[in-house]
J.: 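Can you keep this structure in mind? I'll have questions shortly.
Keep in mind that what you see is a predicted model, and the values were worked out from it rather than measured. Residue numbers begin at 1 in each chain, while the letters A, B, ... track the order of the sequences.
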Amino acid sequence: MNFRHKHILGIEQLSADDIRFILDTADSFKEINSRDIKKVPTLRGKTIVNLFFEASTRTRTSFEIAGKRLSADTINITASSSSVVKGETLEDTAKNIEAMKPDIIVMRHAASGACHYLAERVDCSIINAGDGAHEHPSQALLDMLTIRQHKGRLEGLKVAIVGDITHSRVARSNLYGLTRMGAEVRLAGPGTMVPPGIERMGAKVFNDMREAIAGADVVMMLRIQLERQGKTLLPTLREYAKFYGLNTENLKLAAPDALVMHPGPVNRGVELSSYVADGAQSVILDQVENGVAVRMALLYLVLGGEQAQ
Amino acid sequence: MAKAATIILDQAGVNRALTRIAHEILERNKGIGDVVLIGIRTGGDHLAAMLQERIAQIEGEKIPLGILDITMYRDDIGSRFDLTIGKTDIPFPLDGKNVVLVDDVLYTGRTIRAAMDSLMDLGRPKSIQLAVLVDRGHRELPIRPDFVGRNVPTSRDELIETEFNDKNQPVEVRLVKK
Amino acid sequence: MKILISGGRVLDPTHGIDDQLDLLIDNGRISHLGKNLQAEGAQVIDARGKLVTPGLIDLHVHLRDPGQEYKEDIVSGTRAAVAGGFTAVACMPNTKPVNDSKSVTRYILAKAAAEGFCHVLPVGSITQGSKGEALAEMGDMKEAGCVGFSDDGHPVASGELMRRALEYSRPFGVPIIAHAEDLDLVGQGVMNEGFVATELGLKGIPWVAEAAPIARDVMLAEFTGGHLHVAHVSCGAAVEIIRAAKKRGVRVTCEAAPHHFTLTDEAVRGYNTNAKMNPPLRSAEDVAAIRAGLADGTIDAIATDHAPHHIDEKNVEFNIAFNGIVGLETALPLTLRLVADGVLSLCDAIAKLTINPARILGLESGTLEVGRVADVTVIDPELKWTVEAQKLVSKSKNTPFDGWKMVGAATHTLVAGRISYQR
């Protein structure tokens, strides 16, 4: 199959066939990660710049390992978003990096739409590693790969996503992807954290977390970030944990073989109790493992797809 | 207008060729000790399975069979239309083995180069041998098959098509004008 | 020097004139209005097939002068104004320094008189430095030539201060122009709160952040008897509040901007920074409510909120891009679309660009009365043209209407009897 996307800016741009193809490709790359010699020459001579304007250990490391396992040269640049306000503009930063001829820029930025902005202004491929509250496509793809690995399918599954939907790029990307793949997506979160019109994106919205997870095949918990949410959205973390945290008790409401997922890093005892995070139903570490394979697939397909056009 | 096709091997011809290759493999390796078969996707994997069967008929024992996808080792990323990557499935160690690589058609040699690179990353075989159903010439690399079903002189504007039935057995090998 | 505008369809909403007439201008004033006028030696403007209206008045623009002349200045801004058919513009005080004293007011008027292409009507600030702390010298500024007072760009957050501003300005007979915005409710919002913001992952500005302070200001106007003019109304709830207040007899007037009756927040898709303004583009329901408010007279005037910004301030990530768009050169055809859509009669549309803003600001202009200063706009209502941002007269090119096909444009703009612009 062919893949006609030069950039991966979001799941929104991908068809069900695209998503299936990415997941299949990632499946094939997974085998490499269990070899003694975890390296193939597929992207030999290619240069990938990880341009991160926001702190991220997991995603950046995952992209870096993915690039290295495909024999690409990967370079990490950590920049400060605040320097954009005064000093060098994002466009200038990107143009300067582009002048050094990378093949792909993987970017994370605090501003929604920053990757679209860049894609309109540079010639190389852009992969969105998270832009503001907009999209985090590689996360949604690794989530879907993990679900498919354990459930054998995505179609017809009930997936509950619980937490701060308003500020979550993970929720948006999963919502696009899972609905496109025929899953039912249920959302629940505090009244201050469910954005208007989200149901028009294909989700069922519940006020009570227990209703959202009842009979669910997958329960995806979002990280609560007090520094991002500010003071007015929540009374206390204690109360949040009580009403919107997943624990061994309310997990019983989900299907008996329900998967527990979390994009990490986990606030133990807040959105997820340690018993659940480390329990038999948790696939959190599978998500991390699959992240490398999914990112290998994206790097490979973006470069192959660009030139096949 | 239908494409001009010449039949190179019919089903019986394929079967005879594979039987002969099976015997030659055993002869060369003095039995089945340390011999493993690795079929290259797609085509070579089916032929390798048939060779495994024939060797079992002769020796009474199945030798290990693996499948290799060489897409990740190809040197033409970007000039391909199809980006599909198949699964490599070699559920046994290659160290110290006499590996017989199996493919349907040998042409430029680039696929075999990629396959050998891939095998080297997966382990340290004692030797690598090459079995092909058809050798059509036009090598671009210094690669020579050890076991050949049939040598067919071709021109570069011709294609070799191998048709498999629903049991993944080759029923016909044709030479077609592009 | 005489100018005869002959054979046009003369529209003067104030006097109910809508007839094919000739209009003679002599010595900067309108001297005759009638059929088959003859004028020896007059320059003749053939207005057959065109509209002849009072000069258009924009009661809400930003000329950026003094202080931010890299965006716009009094010369370029007034040149853009006459290109759009405007003969007078009211400029907001959020310059650098803020127009909060007669010295700044005098600077603006002097530069406009010397170099400007149309009348410039300064709006002074309500509070010193527009900081919302202490009243500015409104009496002094009124004497110097200010036509109204506003902290535009910033709300007057204190209810007490807004009350006092309405009370203090009352004897001077000038309006307090409210930029209504609850900054707490706006928070870090960058576009209208709603489905599009949710999809784009951008922080939303809810309509209540505009409507709630309007409700407060309307009640303060009712309480004080002062004249409140609400700037750039963008949401249905605000229209409803003002409609009800007018029924009660409150001295409240308001304006809407062409982008708010033309575009919805869908225009933001693709993170288009030229669709970023404050108040933001709203939902389709809000656009319908604005149009209904224009139709029933709740919204008195159409004003552009012309807000030039340099390309460097727009060619950035959406959340740090500056708010605002240029509007002087696209307002007239966008208003004529309301006529084509059956929202307004042609006469009402012209009134909202002429006599209504004149009355709000207490001006004598806005009509074609014989003896008045000859501010006249000649409009070809059928002229088809395409907006090309780079060819705009304004120094700044930040328009969301780039590439739009427009119908209708000013062909002659006469300011005090002189042809300031000819297409």
J.: Can you confirm whether C:Asp312 is buried at CG, in the sense that more than 12 heavy atoms of other residues, nucleotides or ligands lie under 6.0 Å from that atom?
T.: yes
J.: Is C:Met219 atom CE crowded by more than 12 heavy atoms from other residues, nucleotides or ligands, each under 6.0 Å away?
T.: no
J.: CG/C:Asp184 to OG1/A:Thr232 distance, rounded to the nearest 0.5 angstrom?
T.: 9.0 Å
J.: To the nearest 0.5 Å, tell me how far A:His116 NE2 sits from C:Asn272 CG.
T.: 13.0 Å
J.: Determine yes or no for a side-chain-to-main-chain donor-acceptor pair under 3.5 angstrom, with A:Arg172 supplying the side chain and C:Leu200 the backbone.
T.: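 Not at all, since once roles are kept as given, no pair shorter than 3.5 Å links the two residues.
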J.: Under a 3.5 Å distance rule, please check whether C:Thr198 uses its side chain to pair with a backbone N or O of A:Ile198 as donor and acceptor.
T.: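 Checked: no pair found.
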J.: Looking at every non-hydrogen atom in both residues, tell me the closest pair between C:Glu317 and A:Ala111 and how far apart they are.
T.: CB-CB, 4.0 Å
J.: Given the options A:Ala133, A:Ala114, A:Ser168, which has more heavy-atom pairs under 4.5 Å with chain C than any of the others?
T.: A:Ala133
J.: Can you give me the closest heavy-atom contact between A:His134 and C:Glu199, atom names plus distance?
T.: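 In terms of heavy atoms, the two residues are closest at CD2-O, 3.4 Å.
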J.: Distance from C:Ile320 atom CD1 to A:Leu90 atom CG, nearest 0.5 Å?
T.: 8.0 Å
J.: Can you tell which of A:Glu91, A:Glu199, A:Glu12 has the highest number of heavy-atom pairs within less than 4.5 Å of chain C?
T.: A:Glu91
J.: So which residue, C:Leu202, C:Val196, C:Val316, ends up with the most heavy-atom pairs under 4.5 Å with chain A?
T.: C:Val316
J.: So do the side chains of A:Ser112 and C:Tyr271 get within less than 4.5 Å of each other, counting heavy atoms only?
T.: yes
J.: Checking C:Asn315 against chain A: side chain, backbone, both or neither under 4.5 Å from a heavy atom?
T.: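 Both parts, backbone and side chain.
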